[in-house]
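So the structure is just underneath, and the comments pick up after that.
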Amino acid sequence: MRRLAARGAAGDAEEAAAPASEDSSDCVQCRSPSPRRLIDLCAIWDTGVSLPFADWKGASSGVASRRLNEAEKLSSLWEAHLEQQEAAKPQGLGSREWGLVLRMARQQAPPWVNAAFLLFLLSLGGAIEIPMDPSIQNELTQPPTITKQSVKDHIVDPRDNILIECEAKGNPAPSFHWTRNSRFFNIAKDPRVSMRRRSGTLVIDFRSGGRPEEYEGEYQCFARNKFGTALSNRIRLQVSKSPLWPKENLDPVVVQEGAPLTLQCNPPPGLPSPVIFWMSSSMEPITQDKRVSQGHNGDLYFSNVMLQDMQTDYSCNARFHFTHTIQQKNPFTLKVLTNHPYNDSSLRNHPDMYSARGVAERTPSFMYPQGTSSSQMVLRGMDLLLECIASGVPTPDIAWYKKGGDLPSDKAKFENFNKALRITNVSEEDSGEYFCLASNKMGSIRHTISVRVKAAPYWLDEPKNLILAPGEDGRLVCRANGNPKPTVQWMVNGEPLQSAPPNPNREVAGDTIIFRDTQISSRAVYQCNTSNEHGYLLANAFVSVLDVPPRMLSPRNQLIRVILYNRTRLDCPFFGSPIPTLRWFKNGQGSNLDGGNYHVYENGSLEIKMIRKEDQGIYTCVATNILGKAENQVRLEVKDPTRIYRMPEDQVAKRGTTVQLECRVKHDPSLKLTVSWLKDDEPLYIGNRMKKEDDSLTIFGVAERDQGSYTCVASTELDQDLAKAHLTVLADQATPTNRLAALPKGRPDRPRDLELTDLAERSVRLTWIPGDDNNSPITDYVVQFEEDQFQPGVWHDHSKFPGSVNSAVLQLSPYVNYQFRVIAVNEVGSSHPSLPSERYRTSGAPPESNPGDVKGEGTRKNNMEITWTPMNATSAFGPNLRYIVKWRRRETRDTWNNVTVWGSRYVVGQTPVYVPYEIRVQAENDFGKGPEPDTVIGYSGEDSPPAFPVPSAPRRFRVRQPNLETINLEWDHPEHPNGILIGYTLRYVAFNGTKVGKQMVENFSPNQTKFSMQRADPVSRYRFTLSARTQVGSGEAITEESPAPPNEATPTAAPPTLPPATVGEMGAVSSTDATALPATSEATTVPITPTVAPTTIATTTVATTPTTTAATTTESPPSTTTRTKIQESAPDEQSIWNVTVLPNSKWANITWKHNFGPGTDFVVEYIDSNHTKKTIPVKAQAQPIQLTDLYPGMTYTLRVYSRDNEGISSTIITFMTSTAYTNNQADIATQGWFIGLMCAIALLVLILLIVCFIKRSRGGKYPVREKKDVPLGPEDPKEEDGSFDYSDEDNKPLQGSQTSLDGTIKQQESDDSLVDYGEGGEGQFNEDGSFIGQYTVKKDKEETEGNESSEATSPVNAIYSLA
């Protein structure tokens, strides 16, 4: 078997060549029954290219495995055979598998087996491009290859000459001809058409007239020489078109203010399509925003028209690329009908601009696309553009989602004010259903777009040029994919393969052409055309047959000089066909050099890892194939390193004295030495006061300007060494008595000349030369190491030694490729690290430990994720470190399940809900397994509450009252937690008879089982409801009441039971301190007087003492606005605390406290439930901060941190914006009972009015006045001490009325009230049914200030006016 090869000196593939004997007995046995073929085979094997018989064991198993993979690519039949054997075949090619190959070769096997075996041997070589050496390029023949061509869709400017490119290379140079619309294009008959010299490029000249449109069509170029024909793509030539806009008269567009509007552009069709933009007739651009914007089709969309839109006209403009012209359409004029003809500019910034202008609000509706769903097709690799434009009042916001997944964050971006979603470089996984959601405060709608991704053909395996030697086998592969699946058509020299002359050495198998026993006559150019309905691909690949003896490409007898102990590489580039094999010899004798200190690369270069004296000599590289051999020699000389053995020392000199800096150097005498000096790292100018000698520098009459650092640089053409000293010049005449005391101390210089000796399996001796201590004795040496497998380039501390030693024995771990460096330490500091030592790899061994921090936790209800901390390089002990993961149910004690994992996690699927598992993780490498691992208990995932109730109620819930001021609660953990407990929730409410106070909520840690609280008053009792929480929610609750006081009678009617609602059901947001506190600590709730409006939910976290767990208290009256506040005490150090959030549907106000200085910058960071992070930089004095781009009904997390130090941050809190529009409750105005009640009240009011009118006519007095004149009672003294206040909503209770716990007046006879049936707002009736009591004569207006009714709207006053 033979194959062409050209190997360059720059290759870096590491492939070992097996040594082989010149007279291999196995090769001799194979010389029958086809002498010529087998002689060729043995010629290759005899040269040492991985001899697959007796000497195969010397080859690398990785090489064999890689070449076997190449053989699999050469034959689909051989692939099928290997798939049947895959279960028994290891990763490397062992003796058992190779024995099978030998038996197939030596026995009388079927023809397909012989063919696969020959293809396997063929894979032992590789066809490479012909070298760029001009002598070889000019000498070797080559079929044509297309090197340049025009694009498939070639659009030209009609004002220029037409140029269609086609260039090709080949030897001999190819000739060219063209086809137009699949017919021969005779260039000679058309005087306008010419072809460039030595090229196939067509030039069509219109300087003498002619119409470019006459030359439109499909062109194809053919490049031909005597060895074949290559084809260009089919080039479709089109002439650019810029048609004029049709003339039209446009009537004014009349539209009602607030209505949607679409101004259609309808540009003339151009080639290519024009760029559309809108301007006024005065060429002013149209300002676009989320209300007014241009669609992708060029139309201008108004989500709602406002009066200011009449201030300009609107003209659509089209810009054409090739002609660089802009055409303008006649402008549209708008006439807006409005209820407010004036255009008050101040209303543009009004918070409710539409209501101020009398525009009715509308729910969103889609202007484009129409309907609720649509579909779109996009080609793979193109950009997907989805667009949704909606109308509505106010202007709707657009949000984008993908069903069943997230938007691809790395490719998706929003355009046109979020109305367009663009996904770049679309792939098959981007198909699916997308929907856009248009919403305003009136409601929302959505449109679903089904996206289908198709694909024009794209290459999986593009055919490559095949260069073979006579008698060699090969194949061309043409594999492409697409949607729909593309078809493959083969051609040879531009003709269909079916119509080509038959070739017995060629076999077509679908997308593969197999060549056997190729000859010189087999040379040709093959074309593969793969196509579907979306496009096509055309590739040329030639088959060239060459027969070239080995040839060396580098100069002969090169001289390479290298410094002792360095690494070097000897290059020997060569070329030949069939592939020559290369061997290296030293001094013309001995065996092939490979292994140990030598390594031969695939390109023929020989690397010597560490040069020694005995490596000096003449190295010969020999390239051999069946046509002959060629050799070249490289002479290697080893030189001694350059070293400064007496370095200059730091000196302190008086001004005007003479200073001498020594620098004595040892170097190789055959190299030219150059000694130079630097001052302060810059080249030193040698003036008349200085004298430079070979071993010193003398400075006469030193001055202050001579002070600084001096560096001696000793260099040869191969290496260099340097040393530095510092010169200090004293201005006074006093000479220091203690020179060392006067010299400045500094960090030591780096150690140098590291050397490894006494190499052993688990130890090595490291020796170094200390650097200068710089007037401070060296106290320690720190030895560091670096390995190149797990963390290359990262240095770790290995050991520490006293400063009096310069040699140490280092204990090593197995299978680590060590490299060491040394750092010197004195009282001033550490030196720079030394230069690294040479590398030393220890032998491998089984692991002696297992990974730590093994855990098993469920991430879903039906799985368990096993994780661990991976082992590092010094504990791996061998190659291919992996982990054997075992698990089984703890209750059933089943057999162990096991799997081998290379990472640091494994997910067990299909597990029952929250059951314990026994887990073991054991380390293993290629040398064996680690010790038996410990068993760890893990748990599978928890389920959600609807399917499996989590957890059961806490046990033994006890309420004790040791005195009238304190209540103590105790409980035990639930009997069935059904998950991992994350805490407890306690809800309690005060009650007194039928009066019920506000519900309070406390959250506790999972380890807390006690709670103490202070009673607000000695009269009220408390009802407590306690439940445990897991990650999936709260569990069963248990309810207990505080003991009744001795003098309290049993109430006749029990207060309503607390609803089993979780924290935040009424809109409250709970924020707790995330600091972990001792499990035995208790939480104490401090009563807090609400400071916000009754319609605000306050969530306050109060920290009591350092040993007290922070408790979360939540007040939950019905509300539509949520206030979230972190109540913290001011810390001593710089901090941010007391973050308060007041959210609405689309905005939120943020305030916080801090103890930073004035002018400090902060950053507000908030993240929505779609994981979109936004930040707002603010100044300290800019509070409150308003977030204005929120979405209704969405949950956000927020924190505030310092802009200068992100580590100083507030507690992270969570809040939710209110929904823009809800209609979840039935409208009570349509209920029959409510209508009847209102009729009865209306009748009662009418009767009262009649009575009042009669009394007025008779001059009587209305008794309501007497009731109103009753003086108010004193304020409740309990108001100041935080106790429950039973008062009216306006804090002015009537005399004799009873007050309730929640601060509202309660009717004694009935708990029912008209306020309970309203939809928000204050009630208009007293709970005693008195309506007129709220309205008095005009002179009482000041006494009832704050009442919602006024004198003008009072029905009593209306009757007075009638009277």
Side-chain angles (χ1 to χ4, degrees), residues 290 397-401 406-414 417-418 439 1003 1063-1064 1067-1076 1096-1101 1103 1110 1112 1114 1121-1131 1133-1220:
K290 74 173 186 177
D397 294 314
I398 305 295
W400 290 90
Y401 304 91
D406 297 330
L407 297 176
S409 58
D410 56 333
K411 301 192 298 181
K413 59 180 180 180
F414 302 103
F417 310 98
N418 270 24
S439 61
N1003 290 324
V1063 178
V1069 181
S1070 177
S1071 302
T1072 56
D1073 193 350
T1075 306
T1096 302
I1097 298 174
T1099 302
T1100 308
T1101 300
T1112 301
T1114 306
T1121 303
T1122 302
R1123 181 186 186 200
T1124 304
K1125 180 180 180 182
I1126 300 297
Q1127 182 70 34
E1128 302 168 330
S1129 60
E1133 58 185 8
Q1134 286 187 334
S1135 298
I1136 303 170
W1137 71 95
N1138 280 13
V1139 178
T1140 303
V1141 182
L1142 285 173
N1144 205 320
S1145 61
K1146 293 186 180 181
W1147 52 264
N1149 286 336
I1150 315 296
T1151 60
W1152 64 90
K1153 295 183 179 180
H1154 65 90
N1155 52 11
F1156 287 84
T1160 304
D1161 291 345
F1162 295 92
V1163 177
V1164 178
E1165 176 186 277
Y1166 55 103
I1167 306 174
D1168 61 19
S1169 52
N1170 291 331
H1171 306 292
T1172 301
K1173 180 194 294 184
K1174 298 182 179 180
T1175 58
I1176 298 179
V1178 296
K1179 295 286 186 181
Q1181 63 272 18
Q1183 298 189 45
I1185 301 303
Q1186 187 174 83
L1187 312 181
T1188 58
D1189 55 349
L1190 306 184
Y1191 292 95
M1194 182 167 288
T1195 302
Y1196 292 84
T1197 58
L1198 178 141
R1199 71 179 179 119
V1200 182
Y1201 61 87
S1202 170
R1203 187 172 184 179
D1204 297 328
N1205 187 356
E1206 188 173 348
I1208 303 179
S1209 172
S1210 69
T1211 305
I1212 297 178
I1213 66 173
T1214 303
F1215 67 93
M1216 176 183 289
T1217 56
S1218 60
T1219 55

* **salt bridge (Lys or Arg N to Asp or Glu O under 4.0 Å) partners of Lys290, counting only residues at least two apart** => Asp397

* Asked: Under 3.5 Å, side chain of Thr1217 to main-chain N/O of Tyr1191, donor-acceptor pair present?
  -> yes

* Asked: Would you say Thr1175's side chain and Val1163's backbone share a donor-acceptor pair under 3.5 angstrom?
  -> no

* **Ser1135 backbone acceptor or donor facing Asn1155 side chain under 3.5 Å** => yes

* To do: Kindly assign one of parallel, tilted or perpendicular to the pair Trp1152 and Phe1162, based on the angle between their ring planes and the thresholds 30° and 60°.
  => perpendicular

* If we only count heavy atoms from C-beta on, is the Val1164 to Leu1198 side-chain gap below 4.5 Å? -> yes

* **Shortest non-hydrogen separation from Pro1184 to Thr1151 and the atoms involved** => CB-CG2, 3.4 Å

* Asked: With sequence neighbours excluded, what pairs up with Tyr401 under the side-chain hydrogen bond (donor to acceptor under 3.5 Å, both in side chains) test?
  -> none

* Grab the two heavy atoms, one from Leu407 and one from Trp400, that are nearest each other, plus how far apart they are. => CD1-O, 3.7 Å

* Write out all pairs satisfying salt bridge (charged side-chain N to carboxylate O under 4.0 Å, His left out) with one or both partners inside residues 1204-1215, taking only residues at least two apart or from two chains. => Arg1199-Glu1206

* Structure fact -> Which of Ile1213, Thr1197, Ile1176 passes side-chain contact (heavy atoms from CB on, under 4.5 Å) with Tyr1166? It is Ile1176

* Structure fact -> Residues Asp1168 and Thr1172: closest non-hydrogen pair is OD1-N, 2.9 Å

* **Considering all heavy atoms, the nearest Ala1148-Pro1143 contact** => CB-CA, 3.7 Å

